[in-house]
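Have a look at the structure below, then the notes.
Each ligand, and each atom within it, is numbered from 1 in the order the structure gives. Along the sequence shown, residues carry numbers from 1. What you are looking at is a predicted structure, and each value in this text was computed from that prediction instead of being measured.
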Amino acid sequence: MKVAKFGGSSVASAEQFRKVAYIIQSDVERRIIVVSAPGKRYKTDTKVTDLLIQLAEAAIQGELIEPFVETVIRRYIDIADGLELSASDVTEQMKADLRKKIDTYRHDQDRLMDALKASGEDNNAKLMALYLRHIGLDAHYVSPKEAGILVTDEPGNAQMLPESYEKLRELKHRSGVLVIPGFFGYSLNGHIVTFPRGGSDITGSIVAAGVGADVYENFTDVDSIYCVNPSIVDNPRQLKEITYREMRELSYSGFSVFHDEALEPVYKARIPVCVKNTNNPEAPGTWIVAQRDYRDQPVAGIASDTGFCSINVSKYLMNREIGFGRKLLHILEDEGISYEHTPSGIDNMSVILRANQLEGEKERRIVDRIQTELQVDDIHIEYGLALIMVVGEGMERAVGVAAKATAAFAKANINIEMINQGSSEVSMMFGVKEEVVDQAVKALYDAYFSKQPLS
Ligand code: ASP
């Protein structure tokens, strides 16, 4: 049995719905389908989820909601019309449901936002089931409540509760094609709670693990996962296989193909994932598996992301001071800040974090606290930092992987601000100035992947 998840661009229009139907019909093992809300039909289009966020914001501000409701429902009407479905009663029901949600949750902004966001996938799953039945399939919409997807009660940031699995297992015994909306579950007290953005991947993975699928297929709009962002390097190498750990590192650090939290359920259940293209389903796609052959290619991919900063502190004899690191990190914890890396030396420690967490008063307060509570000799914050991750399980045993990177940076005349290697066997991190990050990624790509080895 396969669980197939279709992302926003795969279900954005009538034409895309037809492709999805063809994919389902062409393999009887595709028995459970998870869908996103309609995504972008063209580059400048707006995702339905974003339209719903605008609607929620208008409702919260007490603005006129009708134009926003109409824009959202128009997307579903267009899909239904393009599929020649007579679905006016269904779209009328969607409209009534949006209005009812706004009425019910008017005084609870977080719940209102979540209920509206979730309706994007919910209505799309209903429409998809309707269309599949229309073309003769025995398809059924199954709500996350009925499926048993139970989550923590953190609006916009749900995490699955392990007790979900018991009920999910029963889905296996249901007949026909089941269509489940992605992106949300229910808390134990019965509220709709959404996963973080892009979270339909998480639903697909939970369902695949729950029913013990043979494969979790993740349909998107690219033929495969590339070893580097194709907007930085033209025509980069396609990956046939990548391990769960490699994918986790890459999607965390800038690869947007797959939600980084989505891998956990399938990783634990050891279910292979295949990332495929709805627009070219014959292409083999990329397999995400437990192990691959690392011999030819120790490095699997290179990811990069901007918007980081580094809090650099130094204090003479820091290495002798028991508890220094804990106290420093405790200040950040106190201020509600999450950090990414903590490279350190005998008298120095840097904490790398996303710079947007230091907005407003926070920066000043943190600097003051570190100065007064830790009596440091120096503290300064460096902004404009980009992180590059070189990821590959084969690095652990291959000789010269780091040398290739540093030689490539030297040849491209790029200054490395920071290196972090060792704590993860799977990745090597380089910090560079944001202005040179793309150039740095290109240099690394040439070093690891181009046929011409670096002289
Ligand atoms: N529709 C949601 C979003 O745009 C979830 C998803 O598509 O995975 O974030």
What are the atom names and distances for all N or O pairs under 3.5 Å between ligand 1 and the protein?
unit_1   : atom_1 : unit_2 : atom_2 : d
ligand 1 : 1 (N)  : Thr49  : OG1    : 2.7
ligand 1 : 1 (N)  : Glu121 : OE1    : 3.2
ligand 1 : 1 (N)  : Glu121 : OE2    : 3.3
ligand 1 : 4 (O)  : Thr49  : OG1    : 3.4
ligand 1 : 4 (O)  : Arg197 : NH2    : 2.9
ligand 1 : 7 (O)  : Ser36  : OG     : 3.0
ligand 1 : 8 (O)  : Gly198 : O      : 3.3
ligand 1 : 8 (O)  : Gly199 : N      : 3.4
ligand 1 : 8 (O)  : Ser200 : N      : 3.0
ligand 1 : 8 (O)  : Ser200 : OG     : 3.1
ligand 1 : 9 (O)  : Arg197 : NE     : 2.6
ligand 1 : 9 (O)  : Gly198 : N      : 2.7

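Annotation: cation-pi pair Arg270/Tyr267 present, NZ/CZ under 6.0 Å from the ring centroid and within 45° of its normal.
Considering only residues two or more places apart in sequence or on other chains, Phe430 meets the ring pair (Phe, Tyr, Trp, His ring centres under 6.0 Å) condition with Phe409. With sequence neighbours left out, Tyr216 forms a ring pair (Phe, Tyr, Trp, His ring centres under 6.0 Å) with no residue at all.
Under a 4.0 Å N-O distance rule, the pair Glu66/Arg99 qualifies as a salt bridge. Taking the charged nitrogens against the carboxylate oxygens, Arg248 and Glu264 have no contact shorter than 4.0 Å, which rules out a salt bridge.
Within the structure, side-chain hydrogen bond (donor to acceptor under 3.5 Å, both in side chains) pairs that include any residue of residues 135-157 comprise Arg111-Asp153, Asp122-Tyr141, Asp138-His140, Glu146-Arg174, Thr152-Glu154, Glu154-Asn157 (at least two apart or interchain).
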